[in-house]
Each structure stands twice: as structure tokens, then as C-alpha cells.
Amino acid sequence: MKDIVNSYFRNKNFSFFILLLLIGSWTHQWISIGTFINLNFNNFNFDFTWILNNRNLLILVLPLNLILFFLLKKKNKNLIIFFLFFISYLIGLINFQYKIADNSFDNFLQIEIVWHLTFILNMLCTILILNNLSALGYEKNYKIFISISLIILFLIVFFIFFQKGNLLTKPTYYLNMFGSIKEINSNGLSRSMMVIFIFAFCASLKKNKINVFLISLSTFLSYLIIANEGRLNFVSLIIAILLILFLVNFFFKKKVLIFFIVFILPLTINIFVKNKNILSSDNIYYKNFYNELKKNRLFALQGEIRGNDLNEENQIINLNSGLNDRCINFGSSKLLNKINIITTGRVKKWICVFKLENDYIFGNGPEYDRNILINEPLKPNDSNILKQDQGQDVANGGIYALISGGVIGLLCYLIIIFRYFFLSINFLILKKNISLTENSFFIGSFTTTGYLIGRSFFENSIASYGIDFLIFIICYFFIFERFNRSENNYQNP
């Protein structure tokens, strides 16, 4: 039977048809983000608004890719760790549901349960899509998927950027898409622009030549990233530029010029645009100049306090406003309080999670952090837990993996990171497969993977299904496939 199936897949027309199905599946994973499976078919109709609100077709896409997975002979070993990641979250969800189970089966149909189940099944579907893609075997197919992701990110940035946003005080945007309006902070937007920047910047330096259009686009994106005042993205921007310039085969003077164009110039423009009084006669002294500059949180590195003194007592961190009463303060630790201010309340959330009820062996399923990081978290055996308001995220990939998937989830997260750093040592230090520096898609994927791993130290990021996960898994998958093939003297057809 498998020989018959594989003979079909060797047929070019049939393989092309399967590729189109996989492209459609991958696109679905993107446009269905933020939605859940609708199990209520009583109000089914073809109204356009209803279609937009119920665009999650996972009940069709998942079985299709599951069938392909079992029919295809080839299984990709690079995705095994992600399968284990999925299993750990599934075990956590089952464990959590067992704790809150009661005599009524109706709880299973509650929105939050379906949402968590959709979260897990989306992870599985994404893994299956990429495994099925690998069976087709050509590097260009991976590039198609990465290109689709970049196009969607560009559209997201386009729609957000040309809608209401204020970069001068509190960078906030409103996205009107698929019939609903959502408020989006600058951090998420900067993430999208960072990924686009990395690939555009790599492509602009292809074949030892500078592409004027792409280098101009990179400079513009750099300006927008800096303008959004995200400190993590600001540092990531510097590291990404330096890493890419380190890998390209340009003369040192040319690298310095490029660094000036894509970073120093946008940074300088930002300083003067956002601090209009910086050149006034009152600011000719260094102290006044510095105080004016501190009004921008990017340069002050002080989170939401914007220009106030770190030593000032009773600083209010906006992200702490909804935490549990057991997480009010750090006691007498002034150093820890300062670090918490700099990280915009993240340290307090990390400590708070460990003070609350958890299951570190099996976990409690995805998004458990939002169940407990609220003012009055409910216990798993509370029958009203399904009715509570959504809380905050824990803002750390490792902690999120631990409380969601238990020890297995945390190990999977750490192994994923370890494998990337091991590849980085071989590529950057031991100079293995150094010819890949001429492959702009590889360098872009390699840099993006590192960026998202670093981002996961301060956000849920790759440990939680969403935009970060979709970008990360395709880039992670691609760099390992390409690196391993180069080691085996693979030549791209």
C-alpha cells in the first residue's frame, strides 16, 4: 500500500497538488490565530460576518494533514521534539480537566475549554504540516512557507501602521481586521517588524552587493522598531545587525557604512523627532540633555515610569495591577524591586507564579498562567473557574512550558534551545558549512530563530502557540534541514 502511495507522491502533478494543500493549510494556521473551533452548528449560515468570526477550519485541516502523515513514508526527526512538546501540553490539559471535572459534561463545551483544546490541536496541525512538507523534499518549498509568513507579517504591519497609533507617548495601535477591533501594544508590532527587517537586511547584502531598495526598507524598519521604544527589540536589533554583518563577506569599511545607515541614522532621527526640545538653549548642559532624553523609555531603560528616578519609592508598574494579593511586594529587596521596574514588572510575575498553585510534574495545560495571574485566582477544583476573566501571561517561555507541560514541557523547551546553540557553535565558531553564509534565507532563518529564543526569556513567545511559534518552527526546521544536508554534501537541485 505504501509503495502505491509513494508512487503517487513521486508524480510531479500530484506532488504539486499536495504542495498547494499544504500551502493552504499553512495560510489557515496564520489567519485562524486568535480563534477557536466552533462546535455550535445551530447558528450556521453563510453571512460574511459569521464566516470571518468562524474562520477556524481546524476540524478539516487537521484530519487532512493527519491522513497525509500516516500515508507518507518519510518522517522528519527534527520535529520529534515538537511532538513531545505537544504531548506534554496535552497531558497537562487532561490533568487540569480531571481536577475540575464535575457531574456535568457541559463544561467541556465551555469556550475556555474549547480554546485550550484548539491551542493544542493547532500545535499538532502545524507540526504535521511541516512534516508532510519535508516529504516533498525540495528546499524551495521551505522558502515558500517562509515567504508566506513574511507576506502575512508585512500585511499585519501595514494594517496596524496605517491605523491609529501614537509613537510619542504610549505606543499603542488598534487593528481592525476580520470584523473586530483589537488593541495591540508596540511590542507585538516590533516583533513582526524585526522578523521582516532580518530577512530584508540579509537579502539586501546578497552576493556581496548592496540592494538599494532593500537596504532602504531595512533602514525604514529599523527606524520604526526604535520608534516603538521596545528595549528588548532595540537590543535585538543591534545584535541582529552585528551578527549579519559579521557573516557577510564585505570589507570592514563597508560594514561600518552599512551599520551607520541601518542603525545610527535611524537612531539619530528618532532622538530628535521624539525629543524636540533636546537642542533648545536650556539643554546645552549635559545634565539637562540627559534628562530630556530620559523621557523616552528606550534610553532610560526604566519601563513605564518614563523618566522618573529608579530610586523613587512606590513606583507604579502598569503590568502589576492585576496580580494576586500574595504577589504585592518583594519585601526589603531594593535591588530586586529595581530589576522588576526595569523589566516592566516581569520579575514580580515570575515570582508570583511559583507562589501559586501549580503541578510541576504533569502541568496544567496551555494558558494556565492566565488562569492564576489574576487578582483572586480560583483553584482547579473550583466549579466557577471556567467563568473567570483572563489574566496576565507569565512572560517567560521556560516558566510557561513548566506550568503548562510540566517537567516534560520544560525539558522540551530546553532541548530546543540547546540544539540551536549547538548548531550555532558549529556554524559560527567551528566554521562548519561556512558556505551557507551566502544563503540569505539560511542567515535570515538562523538570525530569526536566535531572536525568538532570546525573546522567549522575556515573553511566552515560542512556548505558546501564536505568531512567534509559527515563525520559529518553520525557521528552526529550515536551518536544521539545510545545515544537515550541507554536512552530507547535499547540493540544492
Side-chain angles (χ1 to χ4, degrees), residues 36-37 58 62 79-128 324 326-327 349-374 376-388 390-419 456-457 459-466 468-469 472-473:
F36 54 86
I37 302 173
L58 193 61
L62 179 57
L79 291 173
I80 292 177
I81 189 64
F82 290 98
F83 275 111
L84 293 176
F85 215 170
F86 152 74
I87 291 173
S88 72
Y89 282 13
L90 179 60
I91 294 174
L93 179 60
I94 295 173
N95 180 46
F96 181 72
Q97 295 307 311
Y98 175 77
K99 293 176 182 177
I100 67 172
D102 56 23
N103 297 327
S104 175
F105 186 73
D106 292 338
N107 280 340
F108 181 78
L109 297 179
Q110 291 287 340
I111 289 179
E112 187 167 341
I113 304 303
V114 177
W115 172 38
H116 292 169
L117 186 63
T118 303
F119 180 101
I120 292 177
L121 294 180
N122 266 318
M123 286 186 68
L124 174 61
C125 188
T126 302
I127 296 167
L128 292 175
N324 183 264
R326 283 181 283 175
C327 309
K349 290 199 288 187
W350 299 341
I351 295 176
C352 181
V353 164
F354 290 112
K355 289 183 178 181
L356 301 175
E357 186 171 346
N358 291 286
D359 187 334
Y360 299 122
I361 303 299
F362 299 108
N364 285 302
E367 304 298 276
Y368 180 68
D369 53 343
R370 296 186 182 275
N371 283 332
I372 59 176
L373 283 178
I374 58 175
E376 294 181 359
L378 300 176
K379 297 181 180 180
N381 57 5
D382 194 322
S383 59
N384 293 320
I385 195 167
L386 298 174
K387 300 178 182 179
Q388 64 185 351
Q390 187 183 80
Q392 298 181 29
D393 62 275
V394 70
N396 181 278
I399 299 176
Y400 180 90
L402 176 62
I403 65 175
S404 299
V407 65
I408 297 177
L410 178 60
L411 286 176
C412 289
Y413 172 80
L414 294 176
I415 290 173
I416 288 171
I417 295 177
F418 173 79
R419 291 189 71 228
S456 73
F457 299 151
E459 303 287 347
N460 289 355
S461 189
I462 63 175
S464 173
Y465 180 81
D468 282 33
F469 181 83
F472 176 79
I473 193 172

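- Considering only residues two or more places apart in sequence or on other chains, L124 meets the side-chain contact (heavy atoms from CB on, under 4.5 Å) condition with L62, F83, F86, L128.
- With rounding to the nearest 0.5 angstrom, the CD1 atom of I361 is 9.5 Å from the CD1 atom of I408.
- Ring-plane geometry between Y360 and F354 is classed as tilted, the angle between the planes lying from 30 to 60 degrees on a 0 to 90 degree scale.
- Atom OG1 of T118 is separated from atom OH of Y465 by 10.0 Å, given to the nearest 0.5 angstrom.
- Checked against side-chain hydrogen bond (donor to acceptor under 3.5 Å, both in side chains), S461 has the following partners two or more places apart in sequence or in another chain: D468.
- Counting heavy atoms from C-beta on, the side chains of N460 and D369 come closer than 4.5 Å.
- Distance check, rounded to the nearest 0.5 Å: CG of N95 to CG of N364 gives 5.5 Å.
- The shortest side-chain heavy-atom distance between E367 and S464 falls under the 4.5 Å cut-off.
- Considering only residues two or more places apart in sequence or on other chains, F82 meets the side-chain contact (heavy atoms from CB on, under 4.5 Å) condition with L79, I127, I416, F469, F472, I473, Y476.
- For L414, the side-chain contact (heavy atoms from CB on, under 4.5 Å) test picks out L410, with sequence neighbours left out.
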- Query: Could you walk me through whether Y368 and L356 pass the side-chain contact (heavy atoms from CB on, under 4.5 Å) check?
  - Reply: CA-CA 11 Å; Y368 180 68; L356 301 175; over 6 Å; no

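- Nearest approach of G409 to S88, heavy atoms of both residues: CA-OG, 3.4 Å.
- In this structure, the side-chain contact (heavy atoms from CB on, under 4.5 Å) partners of N396, at least two apart in sequence or on a different chain, are W350, I399.
- To the nearest 0.5 Å, the span separating CD on Q97 from CG on L117 amounts to 9.0 Å.
- Residues V407 and L402 come closest through the heavy atom pair N-CD1, 4.3 Å.
- One finds the CG atom of L90 at 12.5 Å from the OG atom of S404 (value rounded to the nearest 0.5 Å).
- Y400 and Y89 have perpendicular rings, their planes meeting at more than 60° on a 0 to 90° scale where under 30° would count as parallel.
- For the atom pair H116 NE2 and L121 CG, the distance stands at 13.0 Å (nearest 0.5 Å).
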